[in-house]
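Structure, as structure tokens:
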Amino acid sequence: AVADGVVYVGANDGNLRAFNAKSGKELWSADTGAEILAEPLVAGGKVYSANGLGVVSAYTPAGKKVWSFTAGDAVYSSPVKAEGKVIFGCNDGWLYALDADTGKVAWVNKDGTYAVESKPFVWHGNVYYGAWDEYIRCVAAKTGKLVWQQLGEGSRVAKGAKRYYSPADAMPVVVEGKLMMADRNMMLSILNAETG
């Protein structure tokens with residue numbers, strides 16, 4: 001992530017690092033305790049990171065930890081911000097929303113039944129995400145309530161290991177009211193973003 005001339009990078013060694021974007025000089029490093037596969041999020045004057053132990057943390061731009069939260073499993077889903085919340089998927093299959101300022105749980109959507117590893121997408125007050133349980137879901141960013149869920153096209157038509165073709169690898173994208181999501185069956189599902 002890049003903000004205000006600083007590049008923030010997570011690494012397999014568990015360190016979140018900040019570098020001067022022009023010189024490449026390391027400004028600070030914070031050991032999070034496990035591999036960081038999620039993209040850091042920079043928003044509202046904070047830097048957020050997530051790691052393989054399920055620890056999601058907020059730091060100041062100078063590297064001071066503000067808060068930390070531990071989810072039910074590894075968090076490889078890059079966090080996004082919406083409605084004053086940091087929202088991310090977890091390998092326990094749930095979608096979590098934390099208060100961006102305090103790290104307190106705002107809501108947890110438990111409709112998913114298998115890992116959520118890709119980055120969610122926010123559009124018009126809703127959060128869209130795919131999970132390894134074969135489904136694409138839309139939940140309200142304010143409450144976490146399920147708006148709709150739809151079986152991914154690759155899973156629907158696959159013969160055999162349907163879960164393998166879940167719409168879960170790639171981040172969904174909404175353009176002009178259409179939700180687009182790719183899967184391992186080399187299929188692109190295009191859905192009405194409001195209704196599914």
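We count residues from 1, following the sequence as given.
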* side-chain contact (heavy atoms from CB on, under 4.5 Å) evaluation trace for Val105 with Leu98 -> CA-CA 5 Å; Val105 175; Leu98 309 178; 4.0 Å; yes
* **Side-chain (Arg163) to main-chain (Trp132) donor-acceptor, under 3.5 angstrom** => yes
* To do: Verify, without hydrogens or angle tests, whether Ser155 (side chain) and Tyr165 (backbone) share a donor-acceptor contact under 3.5 angstrom.
  => yes
* Asked: Does Trp94 reach the main-chain N or O of Val116 with its side chain, forming a donor-acceptor pair under 3.5 Å?
  -> no
* Asked: Does Gln150 use its side chain to pair, donor to acceptor, with the backbone of Gly196 at less than 3.5 Å?
  -> yes
* **Nearest heavy-atom neighbours spanning Pro40 and Ala1** => O-CB, 3.4 Å
* Could you tell me the separation between the CD atom of Gln149 and the OH atom of Tyr129, rounded to the nearest 0.5 Å? => 8.0 Å
* **Separation of Tyr128 OH from Leu95 CG (nearest 0.5 Å)** => 13.0 Å
* Asked: Got a sec: does the NZ of Lys142 have more than 12 other heavy atoms crowding it under 6.0 Å?
  -> no
* Structure fact -> For Val157, the hydrophobic cluster (side chain heavy atoms closer than 4.5 Å, chained through members) also holds Met187
* **Crowding at CD, Glu194 (>12 non-hydrogen neighbours, <6.0 Å)** => no
Only pairs under 3.5 Å count here: list side-chain donor-acceptor contacts from residues 168-180, not counting sequence neighbours, and write none if there are none.
unit_1, atom_1, unit_2, atom_2, d
Asp169, OD1, Arg184, NH2, 3.3
Asp169, OD2, Arg184, NE, 2.5

* Roughly how far, to the nearest 0.5 Å, is the OG atom of Ser49 from the CD atom of Glu39? -> 12.0 Å
* Chi angles and distances behind the side-chain contact (heavy atoms from CB on, under 4.5 Å) call for Tyr8, Trp28 -> CA-CA 10 Å; Tyr8 300 94; Trp28 56 264; 3.7 Å; yes
* To do: Return yes when atom CG of Asp4 has more than 12 non-hydrogen atoms of other residues, nucleotides or ligands closer than 6.0 Å, and no otherwise.
  => no
* Hey, is the main chain of Ala38 close enough, under 3.5 Å, to the side chain of Ser78 for a donor-acceptor pair? -> no
Validation: residues 63-70 side-chain donor-acceptor distances under 3.5 Å, sequence neighbours left out:
unit_1, atom_1, unit_2, atom_2, d
Trp67, NE1, Ala100, O, 3.1
Trp67, NE1, Asp101, O, 3.4
Ser68, OG, Ser57, OG, 3.1

* Which heavy atom in Asn185 sits nearest to a heavy atom in Gly154, and how many Å separate them? -> ND2-O, 3.3 Å
* Taking all atoms of both residues into account, what is the closest heavy-atom pair of Asn126 and Ala140, and its distance? -> OD1-CA, 3.6 Å
* Asked: In terms of side-chain heavy atoms, does Tyr114 have a donor or acceptor partner in Glu134 at a distance below 3.5 Å?
  -> no
* Kindly give the heavy-atom pair with the smallest separation between Ala11 and Arg17, and that separation in Å. => CB-NH1, 3.8 Å
* Between the side chain of Tyr96 and the main-chain N/O of Gly72, is any donor-acceptor distance below 3.5 Å? -> yes
* If every non-hydrogen atom of Thr60 is compared with every non-hydrogen atom of Val47, which pair is closest and at what distance? -> O-CG2, 4.4 Å
* Structure fact -> Separation between CD1 (Ile36) and CG (Asn12), nearest 0.5 Å, reads 9.0 Å
* Distance from Asp13 atom CG to Glu35 atom CD, nearest 0.5 Å? -> 10.5 Å
* Kindly say whether Ile136 contributes a backbone atom to a donor-acceptor pair with the side chain of Trp148 at under 3.5 angstrom? => no
* From Cys138 atom SG to Phe121 atom CZ, the distance as rounded to the nearest 0.5 Å -> 12.0 Å
* To do: Verify the neighbour count for atom OH of Tyr164: are there more than 12 heavy atoms of other residues, nucleotides or ligands below 6.0 Å?
  => no
* Verify the distance criterion only: is there a donor paired with an acceptor across the side chains of Asn109 and Asp111 at less than 3.5 Å? => yes
* So, for Val80 and Leu41, which heavy atoms are closest and what is the spacing to 0.1 Å? -> C-CD2, 3.8 Å
